[in-house]
Amino acid sequence: MQMPSKYDASQVENKWYDYWMEHKYFHSTPDDREPYTIAIPPPNVTGVLHMGHMLNNTIQDVLIRRARLLGKNACWVPGTDHASIATEAKVVAKLKEQGIDKNTLTREEFLKHAWDWTHEYGGVILEQLKKLGCSCDWDRTKFTMDDEMSEAVIKVFVDLYNKGLIYRGYRMVNWDPEAKTTLSDEEVIYEEKQGNLYYLKYKIKGSENALTIATTRPETIFGDTAICINPNDERFTHLKGKQAIVPICGRVIPIIEDDYVDMEFGTGCLKVTPAHDENDKNLGDKHKLQVVDIFNEDASLNSFGMHYEGKDRFVVRKEITKELEDQGFLVKTETRINKVGTSERTKAVIEPRLSDQWFLKMEELAQPAIKAVLGEDSEIKLFPKKFENTYRHWMENIRDWNISRQLLWGQQIPAYYYGDGKEDFVVAESIQEAVELANKKRNVTLSAVKAPLTKEDLTQDKDALDTWFSSWLWPMSVFDGIRNPENDDIKYYYPTNDLVTGPDILFFWVARMIIAGYEYKDEKPFNNVYLTGLVRDKQRRKMSKSLGNSPDALKLIEEYSADGVRVGLLLSSAAGNDLMFDEALCQQGKGFGNKIWNAYRLVDGWDIDQNIPQPNSSKIAVEWYVSKFQKALLEIEDHFSKYRLSDALMAIYKLIYDDFCGWLLEMVKPAYQQPIDAITYRAIIAIFENNLKIVHPFMPFLTEDIWHYIAERTPDEALIVAKWPETKPINETLIAEFEFASEVITGIRNIRKQKNIAFKDAIGFSVINNEKTNTTFDTIISKLGHLESMDYVSETIEGALTFRVKSNEYFVPMAGSIDVEAEIKKLTEELSYTEGFLKSVQKKLSNERFVAGAPEQVITNERNKEADALAKIETLKTSLASLV
RNA sequence: GGGCGCAUAGCUCAGUUGGUUCAGAGCACUUGGUUUACACCCAAGGGGUCGGGGGUUCGAAUCCCUCUGCGCCCACCA
């Protein structure tokens, strides 16, 4: 087939992706091969591809394609996450645009909108992954809200409840007043903000005296139910047992004592607002204080806020400060930096709020997950290892997980209420079961038997479960391993091999998957966790939509080709290190593709002559490269085993660019318009095929395309399912000899450059072979140096340019044009450098403690260095003598 | 406040148990080169007191202490 001179990426990419899909290379079913499995970190169903996804999924595809070439049964399960709060926020915003208020809709109506949205946009991101070349088993695509996935979630909830691990509690939670839902601690981002510390005067009841407290939140005085002082604080002894009067609302509250109060901070008097601060809640519980909640769901004030009712908390803060000041209650204001919790999704300032929530007890569940990751013989390895510390810290201080969200989009909590009492509820997988359970439970409680409850008497809890409560089951539920634990898929594919994700969800997701894995399969969910870094721009800023510094992923692919972008992303992204993304890297990736393309164009253009013998230079060249390739193969293997993908790619890059294109092809290339012998040609093709195999995981499209130019192939022979190159013995001698030869060639090139000798002009060449190197590479030196001849001599050649490699001396005769002065200068400089070097080596060797303390190997080396230096000095001296 | 980690060439980073290959790679840069696959190319070259200071050792980028500057995680004193 005629090969175009330019590589047309988009056409090629579509062609081969379709081809792979058509022949079902991505699809996997259990068989007797070793499985290699990755469950994708499911992106948000309504999301679009960003640089983080690109990096993440490129890594996964490299791993999965390599596993496929290694003959494993590779299965990469794709899917999307319903991302409850993020998606719900988007749907609410869209409805708002259409003039629809979420609160006017029934649950069913809202969910219909959400599903419409999901069907419209869901899967866009998966289509984008295809453009990147991701070889997911699309037949297995899952969504965390699929019926069977939801069923698994509910089953697990009920099971954990029955085990006594899930409980309902009236607790202080993080309330997002914009989304009107609870957030887990992990979803709250603390930001430093400039704020004020207000000093407020509270009158003492039945006295003319007053006390002063300091607060950052004056609007919460309506919720004050006590003033607290430290019992050891002598300044306030006179306040003990007294009562204080809250400004503006005039409520009388007790003055209590607790050594929780820091005497150094503020005034040493603390106002206690149990409804709106976690620590105050604790104080409140301890001292049996009243709880006054002053906020509505949207964080506007309720009727306790008196004339501020209905106004937003921040508006009230401003206005009440004014009122307090006018009435003489405000003593002073200090500016202060404090950390304010904000919602990861909506950016709203979090309000601590007391409410009924569902919690999962974590401490006991976490134990197997701690053991699995930490310690010497850990079952799960984190890459890079440094995240183990972070993991340990979190796991050993784990708090109960608040799993309920006041959202509609998600699995509805399977708790059913049937009475007025706080405990009048049951937890069940279905309403039928709930009815039965409820009747049983009620009959036990009640002395008299009442008419049985029916479906209509039960109300299901309105809250939905936290998104992560479904995704923590992901590696199991994608194989239906929760509902159907003995099925073939779960038995074959679980545990999965590698998980590739960002460290930002180490706790949200990774830790919890490990916990769930041990609880439900009694086994780890994956062997290795590869934690990628954040993608940042050149100025180290995190790439984000709001900054507008994130390039359009698909445009990048259009411009640099999918392969180019993949290589660009991986060129500089060690595991766990942030990636300083620069489009120039994609350009380099594209350039690499171009290099490989043109290399094949060269080979493809050769005429083959069956009758000419293989030149010795070509024979050696091929043998050398085969060894070089094998050496690289080992190195690549080692990098992969340590998940050093950038290093593996760089090793491949250098092998192809320098050793293959730069050296091998130059060594075997026939003269202009001359044919190549058949033996060399066949060897080069075999080498080329091996090269393509190792590049394929990184650049799947280009390599598959060239693969089919090399030969007509049946579908079974496609590159994607080819066999990874076999390992063979390495001829280290040959590699070392080439190293030496390449230095000789460099020397010749330098002389040509110095004297402006064009490559097309052949030159004479002589050598004094003090090193006794053998002649293996002579034909190659001759070819690449364009030598007339290569003579072995024993005496210095007069009137020649010289250079040395080790103690060998080389001569390029140049009668009449030798600058003797310059030669002497050059030789003198080389001599003094070598003598200095020798001195330092000898100094080391004459140090008794060195000779006594250093290992044999090191000493031998130093002795070799000494001998080399002495030989070279000898050579230099002889040359100098002949010139002077 | 507690914990973890990082600092090596202009940039991004390797450097495994202290000693061959220890001062490296890629990119960028400088110089020279083009009828013969590729200027998306080839060749050659410059460039670093290994963040500062101190210590251990025959020997330190590597181990210890300290200072400085960054990054991340956790906890949240009103």
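Both backbone and side-chain heavy atoms feed into the values below; hydrogens, waters and symmetry mates do not.
- Looking at heavy-atom distances under 4.0 Å, V261(A) makes contact with a base.
- Within the 4.0 angstrom heavy-atom criterion, no nucleotide atom of any strand lies near Y560(A).
- Residue contacts shown for K654(A) are limited to sugar-phosphate atoms, with no base heavy atom under 4.0 Å away.
- Counting non-hydrogen atoms under 4.0 angstrom, F592(A) reaches nothing in the nucleic acid.
- Phosphate proximity of G33(B) to K753(A): absent, as no side-chain N or O sits under 4.0 Å from OP1 or OP2.
- Residue-level contact check: T746(A) touches the backbone only, with heavy atoms under 4.0 Å from sugar-phosphate atoms and none from bases.
- N279(A) comes within 4.0 angstrom of the backbone, heavy atoms only, and of no base.
- Using modelled atom types, one finds no donor on one side chain facing an acceptor on the other under 3.5 Å when comparing D258(A) with Y260(A).
- One finds a side-chain N or O of R849(A) lying less than 4.0 angstrom from the OP1 or OP2 phosphate oxygen of C58(B).
- Centroid-to-centroid, the aromatic rings of F688(A) and F660(A) come within less than 6.0 Å.
- Nucleic acid contact class of D262(A) (heavy atoms, under 4.0 Å, all strands): base.
- Counting distance only, with no hydrogens placed and no angle test, the side-chain atoms of N847(A) and the base atoms of C58(B) include no donor-acceptor pair under 3.5 Å.
- Atom CD of E732(A) is surrounded by more than 12 heavy atoms from other residues, nucleotides or ligands within 6.0 Å.
- Looking at heavy-atom distances under 4.0 Å, R644(A) makes contact with sugar-phosphate atoms alone, never a base.
- Contact check, R863(A) against G19(B): no side-chain N or O comes under 4.0 Å of OP1 or OP2.
- The residue K844(A) sits apart from the nucleic acid: no heavy atom pair falls under 4.0 Å.
- C228(A) comes within 4.0 angstrom of no nucleic acid atom, judged by non-hydrogen atoms across all strands.
- Across L289(A) and A226(A), no two heavy atoms sit closer than the pair CD1-CB, 3.5 Å.
- OP1 or OP2 of C27(B) lies within a sub-4.0 Å distance of a side-chain N or O belonging to Y653(A).
- Between the base of C40(B) and the side chain of K595(A) there is no donor-acceptor pair shorter than 3.5 Å.
- Ring geometry for F698(A) against F640(A) counts as tilted: the plane angle lies between 30° and 60°, on a 0 to 90° scale.
- When Watson-Crick and G-U wobble pairs are counted only if both distances are under 3.5 Å, C72(B) pairs with G3(B).
- Nucleotides U8(B) and A14(B) have their C1' atoms positioned 10 Å apart, rounded to a whole Å.
- The aromatic ring centroids of Y657(A) and Y653(A) lie less than 6.0 Å from each other.
- Residue contacts for E666(A): at a heavy-atom cut-off of 4.0 Å it reaches a base atom on one of the strands shown.
- Phosphate contact (OP1/OP2 of C38(B), side-chain N/O of Y600(A), threshold under 4.0 Å): absent.
- Rounded to whole Å, atom P of U16(B) lies 20 Å from atom CG of L634(A).
- Atom CD of E743(A) is separated from atom C1' of G45(B) by 16 Å (rounded to the nearest Å).
- To the nearest whole angstrom, the two P atoms, one in C27(B) and one in U66(B), are 41 Å apart.
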